[in-house]
There are 2 protein chains.
Amino acid sequence: MSEQPVRARLVDVAERAGVSKATVSKVLNGRQDLNVRPETRRRVHEAAEALGYRPHSGARALAGASTHALALLVPALDNPTYVTIARGAYQRSRELGYLSLLAEDFDGQEADESFNDLVQEGRVDGLLIASARPGHPLLKALRASPVPHVFVNRSVEGSERNVTMDVARSSVTALDHLHSLGHRAVGHIAGPPGITPSDTRKEAFLRHAGELGLSAAPVASGDFTEDGGGSAALELLRPVDADGHPPVTALYTSSLAQAMGAMAAIRSLGLRVPEDVSVIGNDDLPVAAHLHPPLTTVAMPLYELGTAAVDALVAAIEGAPLRDVVVPTEPRLVLRSSTAGPAEPGGTP
Amino acid sequence: MSEQPVRARLVDVAERAGVSKATVSKVLNGRQDLNVRPETRRRVHEAAEALGYRPHSGARALAGASTHALALLVPALDNPTYVTIARGAYQRSRELGYLSLLAEDFDGQEADESFNDLVQEGRVDGLLIASARPGHPLLKALRASPVPHVFVNRSVEGSERNVTMDVARSSVTALDHLHSLGHRAVGHIAGPPGITPSDTRKEAFLRHAGELGLSAAPVASGDFTEDGGGSAALELLRPVDADGHPPVTALYTSSLAQAMGAMAAIRSLGLRVPEDVSVIGNDDLPVAAHLHPPLTTVAMPLYELGTAAVDALVAAIEGAPLRDVVVPTEPRLVLRSSTAGPAEPGGTP
DNA sequence: AAGTTCAAGTCAACCGGTTTCCTCAGACGG
DNA sequence: CCGTCTGAGGAAACCGGTTGACTTGAACTT
């Protein structure tokens with residue numbers, strides 16, 4: 001029954017604690033430029049607690065203080081990669097006393113709207129942007145109205161506010177695995193060109209393929225979707241030779257959806273996974289274990305990417321200078337059944 | 001260059017249009033209790049446009065008006081079902097001049113926090129709740145502080161504010177399909193007990209199985225996940241008889257993830273989909289087409305569920321009385337390759 | 001001609017916080 | 001004994017909107 005039917009306000013807390021609004025505000029915001037007796041401090045906290053006081057975010061924002069809210073813009077919510085990042089961001093936000101709002105930014109379609117709704121209307125203090133790409137409308141808006149913001153996963157060249165993972169390393173990990181199984185002709189299904197993690201992964205793939213001395217390392221681009229992966233896979237697997245062997249014996253894809261599309265494409269050519277073609281995908285999401293066959297992946301620190309991005313953004317909001325950050329956790333190989341040694345040359349008909 | 005570096009405020013618009021703040025506010029909010037000359041009205045709109053004016057949501061909320069924001073609470077964002085609902089909600093919100101915020105409510109874990117952050121701190125005008133279940137902490141909080149809210153998909157008995165789909169019909173559609181293929185023993189993988197769409201689907205399944213005179217219609221429950229579907233499938237498929245035939249020749253699952261788990265379980269018993277066991281899943285999400293084999297589904301109007309929920313909630317916020325709503329679009333069978341006629345009795349070894 | 005009505009806006013209080021500048025009492029130094 | 005300093009907290013302005021009461025000039029009645 002200590003529950004009030006109506007919201008408790010700052011004055012209510014002040015009255016109950018026997019002090020003024022000003023004092024309550026200062027105490028609850030933990031300002032150290034202030035002298036209050038421990039006893040008073042205690043009374044204030046007690047009153048706030050008892051009344052279940054929650055500051056009105058609008059009033060706070062109006063008074064020139066922080067809204068204690070961030071927004072995360074992701075390009076596609078049906079891509080579990082972003083959901084994982086979002087979870088990390090949400091959790092870390094909480095820990096830092098911020099609320100993180102999630103918005104889908106269909107590759108720029110909604111960017112301006114979201115920007116207006118969230119930033120211009122003063123709902124958030126900063127932006128986590130996972131949907132950046134060259135020419136994105138948001139980039140212009142951000143220059144006009146310089147809200148604190150960081151770029152997550154997809155970086156923006158020269159912005160000095162990118163929070164990313166070691167994606168180059170993921171290509172190396174994937175290739176090393178396939179190489180150690182005996183594969184010498186490996187194809188890579190990249191994401192759309194121009195998107196940084198995609199480009200970086202591709203360059204690292206080509207470089208390391210050279211270092212390993214692979215006999216073939218073709219690359220095809222496609223959307224991060226099943227269809228994108230499917231058509232890219234067909235590009236890489238054709239033409240099959242007289243014995244029915246495709247030009248590569250393994251595929252390394254940029255997303256899980258692409259891996260699914262690639263596996264379907266492989267089957268459509270009458271080939272099997274992994275007997276004829278091995279497949280390894282990026283990002284170890286729960287579904288990977290439930291595909292047929294279960295997919296070998298390179299696990300990326302997505303959750304951690306989310307937390308790191310929030311750390312950087314909150315620091316920026318609180319006045320620290322921004323700089324590029326790469327989360328330290330290394331990509332990790334998760335072995336399942338979609339990769340195996342290649343059929344011996346001239347082997348099974 | 002019409003871009004101002006600083007936010008335009010109401011006074012700025014008023015000044016530019018040569019009227020008072022009050023007039024601008026009334027004009028922009030389209031209040032009809034007001035007399036303004038069309039000419040004045042035009043000038044106001046023009047000025048607002050030119051300055052790129054956006055009302056500060058906090059100021060607005062503080063002044064006792066609406067924040068023009070809603071929140072959607074979903075139990076799991078990695079379930080694309082909810083993402084689809086969220087998209088419908090988001091889109092419809094926009095059309096109605098609201099912003100819809102998405103929050104993950106891990107089956108009640110985060111409910112109180114979210115409630116505090118969003119409702120108590122005055123960030124939103126209403127709640128769309130897709131994560132309801134009996135005993136959910138939110139239900140108590142909602143009674144204490146009666147914010148406008150509706151329950152989406154998962155209904156709350158007697159609340160008179162449920163927005164749902166015709167899930168009973170989806171069971172009928174699925175069963176009719178399997179029956180027409182010749183299946184007479186069909187198992188159903190239900191969701192966790194106590195969650196309404198799950199219970200309703202199950203009851204409809206049993207009723208219609210009776211109407212069709214099926215020889216067997218066992219039900220097993222499991223989480224909406226792959227693992228949940230997998231273990232439920234094993235329950236239903238065991239024991240296999242001397243010929244290796246399981247007790248049912250088809251499975252109808254409550255979620256796509258369950259269907260994936262079920263297909264893996266079927267294979268683990270050395271059986272094939274659809275030759276030995278057919279599988280049909282609920283909700284036609286894009287991935288369904290890319291599974292192996294492509295999954296036959298019952299398409300539910302998820303997007304529309306999202307839009308209908310927003311319609312109901314906004315109506316409630318604007319003062320209309322609430323009532324239960326069922327979206328009119330009927331479940332639709334989407335035929336793919338995971339369903340086929342059962343093997344003839346005593347057929348393939 | 002004076003009173004009434006109405007259209008077209010304006011005034012100013014208010015929402016719930018934050019922050020700057022003050023006050024006030026007691027301690028302390030000279 | 002008086003001036004000053006300092007610790008502890010208060011008064012009030014302000015943020016940017018909304019809203020109901022109020023003003024004003026013109027037209028319309030009687």
Side-chain angles (χ1 to χ4, degrees), chain A residues 4 6-45 47-48 51-69 97 117 119-123 125, chain B residues 4 6-45 47-48 51-69 97 119-123 125 318:
Chain A
Q4 310 315 102
V6 306
R7 292 187 64 256
R9 292 153 315 163
L10 191 62
V11 272
D12 301 326
V13 177
E15 196 170 328
R16 192 177 224 266
V19 295
S20 72
K21 291 189 348 174
T23 305
V24 175
S25 174
K26 289 169 188 165
V27 166
L28 292 184
N29 289 314
R31 301 185 39 147
Q32 41 267 75
D33 65 325
L34 168 74
N35 295 317
V36 261
R37 275 175 304 155
E39 154 66 10
T40 309
R41 192 182 299 276
R42 196 188 51 67
R43 280 214 319 282
V44 168
H45 280 119
L51 295 172
Y53 171 67
R54 295 241 109 192
H56 188 284
S57 77
R60 223 179 198 183
L62 241 201
S66 149
T67 63
H68 287 260
D117 291 344
V119 177
Q120 298 285 72
E121 295 191 359
R123 293 183 204 270
D125 297 334
Chain B
Q4 309 317 100
V6 305
R7 292 188 64 255
R9 293 152 315 162
L10 191 62
V11 271
D12 300 325
V13 177
E15 195 169 328
R16 192 177 224 267
V19 295
S20 71
K21 287 186 357 173
T23 305
V24 175
S25 174
K26 288 168 185 164
V27 166
L28 293 183
N29 289 316
R31 302 184 40 146
Q32 42 268 76
D33 65 324
L34 169 74
N35 294 316
V36 261
R37 276 173 302 157
E39 153 66 9
T40 308
R41 191 180 300 275
R42 196 186 51 67
R43 279 214 320 283
V44 169
H45 280 119
L51 295 172
Y53 172 68
R54 296 240 109 192
H56 188 285
S57 78
R60 225 181 197 181
L62 199 48
S66 149
T67 63
H68 288 259
V119 177
Q120 298 286 71
E121 295 191 357
R123 294 184 205 271
D125 297 334
E318 289 169 359

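The sequence lines fix the lettering, A, B, ..., with proteins before strands; numbering per chain opens at 1.
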Checklist entry - Over how many whole Å does the gap from A:Glu15 atom CD to C:dG17 atom C1' extend? => result 16 Å

Checklist entry - Just to confirm, is there a sub-4.0 Å distance from OP1 or OP2 of C:dT10 to any side-chain nitrogen or oxygen of B:Thr23? => result yes

Checklist entry - How about A:Asp117 and B:Arg54: do any of their side-chain heavy atoms sit closer than 4.5 Å? => result yes

Next on the checklist: One thing to verify: whether B:Glu121 and B:Arg123 come together as a salt bridge, which I'm taking to mean a side-chain N less than 4.0 angstrom from a carboxylate O.
Outcome noted: yes

Checklist outcome for this item: The side-chain contact (heavy atoms from CB on, under 4.5 Å) partner of B:Val24 among B:Val11, B:Asn29, B:Val19 is B:Val19

Checklist outcome for this item: The residue among B:Arg42, B:Arg41, B:Arg37 that forms side-chain hydrogen bond (donor to acceptor under 3.5 Å, both in side chains) with B:Glu39 is B:Arg42

Next on the checklist: Does a side-chain N or O of A:Thr40 approach OP1 or OP2 of D:dA8 to a distance below 4.0 Å, or not?
Outcome noted: no

Checklist outcome for this item: Rounded to whole Å, CG of B:Asn35 lies from P of C:dT10 at a distance of 13 Å

Report, one pair per line, the protein and nucleotides 15-18 of chain D atoms (nitrogen or oxygen only) whose separation is under 3.5 Å.
from: D:dC15; atom 1: O2; to: A:Leu62; atom 2: O; distance (Å): 3.3
from: D:dC15; atom 1: O2; to: A:Ala63; atom 2: N; distance (Å): 3.3
from: D:dG16; atom 1: OP2; to: B:Arg9; atom 2: NH1; distance (Å): 3.4
from: D:dG16; atom 1: N2; to: B:Ala59; atom 2: O; distance (Å): 3.3
from: D:dG17; atom 1: OP2; to: B:Leu10; atom 2: N; distance (Å): 2.5
from: D:dG17; atom 1: O5'; to: B:Tyr53; atom 2: OH; distance (Å): 2.7
from: D:dG17; atom 1: N7; to: B:Lys21; atom 2: NZ; distance (Å): 2.9
from: D:dG17; atom 1: O6; to: B:Lys21; atom 2: NZ; distance (Å): 3.4
from: D:dT18; atom 1: OP1; to: B:Asn29; atom 2: ND2; distance (Å): 3.2
from: D:dT18; atom 1: OP1; to: B:Arg60; atom 2: NE; distance (Å): 2.9
from: D:dT18; atom 1: OP2; to: B:Ser25; atom 2: OG; distance (Å): 2.6
from: D:dT18; atom 1: OP2; to: B:Asn29; atom 2: ND2; distance (Å): 3.3

Next on the checklist: Could you check whether any side-chain N or O of A:Arg43 sits under 3.5 Å from a backbone N or O of A:Ala17, counting only pairs where one atom can act as donor and the other as acceptor?
Outcome noted: yes

Checklist entry - Less than 4.0 Å between a side-chain N and a carboxylate O, is that true for B:Asp12 and B:Arg7? => result no

